Number of protein chains: 2
Amino acid sequence: MGTTQLESVPEPKYWHLRTVLSEALDSEFSVGEVLPNERELAARFGVARATLRQALEQLELEGRLQRRRGVGTTVAPPRMGVAVGTEQHDWPGTAGDAWQSVDCTHAVPPAAVAAALESGSEEAVHIVRRSRTGNGQQVAAELLYVPAASVPDLTAIDAPSGPARARAVLRELQRLELEGRERSVELGSARADDAKELDRLPGAPVLVVTTRFVTRGRTAAISVATYRADTCRLTFGDSGGMEIHHGPERQAS
Amino acid sequence: MGTTQLESVPEPKYWHLRTVLSEALDSEFSVGEVLPNERELAARFGVARATLRQALEQLELEGRLQRRRGVGTTVAPPRMGVAVGTEQHDWPGTAGDAWQSVDCTHAVPPAAVAAALESGSEEAVHIVRRSRTGNGQQVAAELLYVPAASVPDLTAIDAPSGPARARAVLRELQRLELEGRERSVELGSARADDAKELDRLPGAPVLVVTTRFVTRGRTAAISVATYRADTCRLTFGDSGGMEIHHGPERQAS
DNA sequence: GAGTGGTCTAGACCACTAG
DNA sequence: TAGTGGTCTAGACCACTCA
């Protein structure tokens with residue numbers, strides 16, 4: 001009896017905090033504004049800093065906040081729509097696609113990719129690195145695995161590596177007849193190299209888009225593209241103009 | 001001088017731990033096997049439990065582990081491919097699609113959905129709840145928002161709520177000519193109700209698939225489907241048979 | 001009731017950014 | 001150099017599952 005039952009549903013503190021902060025973001029903050037620092041916020045809400053951080057992590061995962069070490073926590077803009085559907089009814093590297101070739105190497109792919117390529121498990125392939133920007137920042141990094149058999153006429157005259165080599169591989173690839181593509185999307189965490197390129201910490205959540213390019217019943221190439229999950233909304237279909245976002249939530253009865 | 005400099009690159013402990021555990025999972029464990037408990041693992045690696053948990057969280061995010069309170073941590077099977085592309089070149093509810101109607105209510109949608117529906121911000125719409133299972137467990141929950149204007153011939157004779165009502169709404173919807181769909185995928189965290197339905201804790205990572213159904217230039221319905229990000233790989237295209245997974249990673253030079 | 005993962009605390013130190 | 005977020009610790013208690 002001495003216990004006052006304030007919470008009949010003992011919702012976790014960090015979850016309640018997330019809700020409170022989320023509503024505050026909707027009503028009292030504007031995009032780009034910086035929040036008070038974590039120690040200050042924790043004190044203000046009467047919780048340990050770790051608990052406060054758990055709430056902030058949630059909101060960052062949902063794309064509501066952006067945190068940068070040494071700088072502070074700011075209110076993130078709505079996620080940008082990134083088209084991954086229509087601009088590629090063709091081979092990668094077609095004029096006008098959103099990617100920029102970075103370089104090209106020749107190495108043995110990860111085992112999982114090798115299996116999908118139906119190539120020998122120890123066979124080296126061309127690996128084209130490309131990057132994609134949006135709103136002035138890099139939003140995705142791609143590795144395109146191309147077996148030598150898919151680009152038989154690639155001449156040694158072309159540069160052995162670097163962006164020029166990458167473009168040469170893409171050019172050869174486009175000579176094949178594209179039969180179809182299979183694509184999948186899943187959640188992943190950024191490896192160290194991708195994280196650095198995307199200006200995130202290792203382990204940051206990313207959306208991994210895997211595309212298999214099929215020609216004459218065989219797999220001509222595999223693309224593994226890694227998008228920043230915090231800032232990107234992948235769009236499929238005819239337009240990237242959908243605008244369905246978070247917002248003050250109303251409960252359906 | 002007493003300090004032995006083992007790490008010239010001071011990689012975070014939890015990240016290194018993630019890598020070590022990941023390799024152990026590849027070589028020493030099989031799917032479904034239970035790991036030692038967290039206190040034991042933390043002691044074995046000589047770190048605090050919180051640090052060990054950070055590593056486990058990463059691996060769970062990547063779909064490598066499954067943790068259940070009161071039970072333990074087990075090795076997760078590879079993510080299942082879930083088709084979200086082809087089975088819906090038609091309206092939802094078409095015979096043979098993967099969803100099962102749960103119920104139907106009539107309420108005002110969240111502001112963001114109302115805006116996309118181009119309906120009045122305070123106008124109630126039909127809300128059909130559906131669920132989707134795979135490999136014997138529920139993998140997704142969907143809310144389908146249908147404005148009254150899209151189903152003008154829906155009669156009061158049909159049940160006012162429940163699964164029967166849901167099917168009635170879907171049936172009426174299918175009488176419209178479907179002009180196109182726009183779809184987007186983004187990362188989100190499960191709200192309390194979705195989390196319960198998906199057998200996860202609140203805040204669990206989910207892939208949110210938003211589909212806008214267009215008919216005669218107008219938005220006839222909006223679907224918001226929430227997939228478990230830990231167990232699902234969303235597939236688009238002709239087959240769900242792609243098998244590109246994690247695995248022992250080899251670095252491209 | 002024993003054992004599990006989930007939450008929370010109150011500290012400490014580190015890596016990074018910017019004035 | 002001051003201030004930020006990121007990492008880590010060593011504990012405590014809670015909610016849940018299952019024998």
Side-chain angles (χ1 to χ4, degrees), chain A residues 3 5-19 21 33-43 45-61 65-76 189-190 192 195-196 199-205 230, chain B residues 3 5 7-19 21 33-61 65-76 189-190 192 195-196 199-205 230:
Chain A
T3 67
Q5 186 176 353
L6 290 175
E7 299 274 356
S8 60
V9 177
E11 184 182 46
K13 271 189 191 176
Y14 78 90
W15 186 253
H16 180 242
L17 208 49
R18 183 208 80 108
T19 306
L21 286 169
E33 205 170 343
V34 307
L35 271 63
N37 71 54
E38 296 183 349
R39 290 161 180 87
E40 158 100 28
L41 281 176
F45 287 104
V47 300
R49 193 179 152 217
T51 305
L52 184 269
R53 276 180 62 81
Q54 234 180 317
L56 295 183
E57 266 151 38
Q58 284 287 340
L59 291 168
E60 191 178 31
L61 202 74
L65 291 179
Q66 182 160 3
R67 299 193 287 173
R68 274 176 304 171
R69 169 156 48 175
V71 179
T73 302
T74 59
V75 180
S189 52
K196 192 171 183 183
D199 191 27
R200 303 257 63 198
L201 294 171
D230 55 344
Chain B
T3 66
Q5 185 178 349
E7 300 273 358
S8 62
V9 176
E11 185 183 45
K13 271 189 191 176
Y14 79 90
W15 186 255
H16 181 242
L17 209 48
R18 182 208 80 107
T19 305
L21 286 169
E33 204 171 342
V34 309
L35 271 62
N37 72 54
E38 297 183 348
R39 291 162 179 86
E40 158 99 27
L41 280 176
R44 189 178 300 184
F45 287 104
V47 300
R49 193 178 153 218
T51 305
L52 184 270
R53 277 180 60 81
Q54 234 179 315
L56 294 182
E57 267 150 37
Q58 283 286 339
L59 291 168
E60 190 177 32
L61 202 74
L65 291 179
Q66 182 161 3
R67 299 192 287 173
R68 274 177 304 169
R69 169 156 47 178
V71 179
T73 302
T74 58
V75 180
S189 52
K196 191 171 183 181
D199 189 30
R200 303 260 60 200
L201 293 171
D230 55 344

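Just so we're on the same page: letters track the sequence lines, and every chain starts at 1. Hydrogens, waters and symmetry mates are skipped; everything else that's a heavy atom, side chains included, is used. No experiment lies behind these values; they were computed from the predicted model shown.
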Taken to the nearest whole Å, CG/A:D199 to P/D:dG6 is 12 Å

In terms of heavy-atom contacts, B:L21 and B:A55 come closest through CD1-CB, 4.3 Å

| said: Is there, by distance only and without an angle test, a donor paired with an acceptor across the side chain of B:R39 and the base of C:dG5 below 3.5 Å? | reply: yes

Check the phosphate of C:dG5 against B:T73, side-chain N and O only, distance under 4.0 Å to OP1 or OP2. Yes or no? yes

When rounded to whole Å, the CD to P distance for the pair A:Q66 and C:dT17 reads 14 Å

Count the heavy atoms of every other residue, nucleotide or ligand shown that sit under 6.0 Å from CG of A:D199, and state whether that count exceeds 12. no

For A:W15 and B:A192, the nearest pair of non-hydrogen atoms, with its separation, is CZ2-N, 4.4 Å

Measuring to OP1 and OP2 of C:dT4, would you say a side-chain N or O of B:N37 lies under 4.0 angstrom away?
yes

A:R200 CZ to D:dG5 C1', in whole Å, measures 12 Å

| field | Close side-chain approach of A:R18 and B:S189, heavy atoms under 4.5 Å | value | yes

B:L201 CG to D:dC16 P, in whole Å, measures 9 Å

Query raised in the report: Do any side-chain nitrogens or oxygens of B:Y14 fall under 4.0 Å of OP1 or OP2 in D:dT7?
Result: yes

Answer for the Watson-Crick or wobble partner of C:dT4, both distances under 3.5 Å, is D:dA15

**Request:** Please determine if a side-chain N or O atom of A:R68 lies less than 4.0 Å away from the OP1 or OP2 oxygen of C:dC16.
**Result:** no

Rounded to whole Å, CG of A:L65 lies from P of D:dG5 at a distance of 11 Å

Which of A:Q66, A:R200, A:R67 passes side chain to side chain donor-acceptor pair (under 3.5 Å) with A:D230? It is A:R200

Picking from C:dA18, C:dG5, D:dC8, the nucleotide nearest the side-chain atoms of A:V71 would be C:dA18

Nearest heavy-atom approach of A:P205 to A:L61 is CG-CD1, 3.7 Å

Taken to the nearest whole Å, CD/B:E38 to P/C:dT7 is 11 Å

#### Entry: From CA spacing to verdict: side chain to side chain contact (heavy atoms under 4.5 Å, CB included), B:R69, B:L201
CA-CA 10 Å; B:R69 169 156 47 178; B:L201 293 171; 3.7 Å; yes

Residues in residues 41-59 of chain B with a heavy atom under 4.0 Å of DNA chain C, by number, are B:R49, B:R53

Worksheet entry | Distance test, side-chain N/O of A:K13 to OP1/OP2 of C:dT9, below 4.0 Å | yes

In whole angstroms, the gap separating P of C:dC16 from CZ of A:R69 amounts to 5 Å

Regarding the side chain of B:P12, the nearest nucleotide among D:dG5, D:dC8, C:dG5 is D:dC8

Rounded to whole Å, CD of A:E60 lies from C1' of D:dG6 at a distance of 11 Å

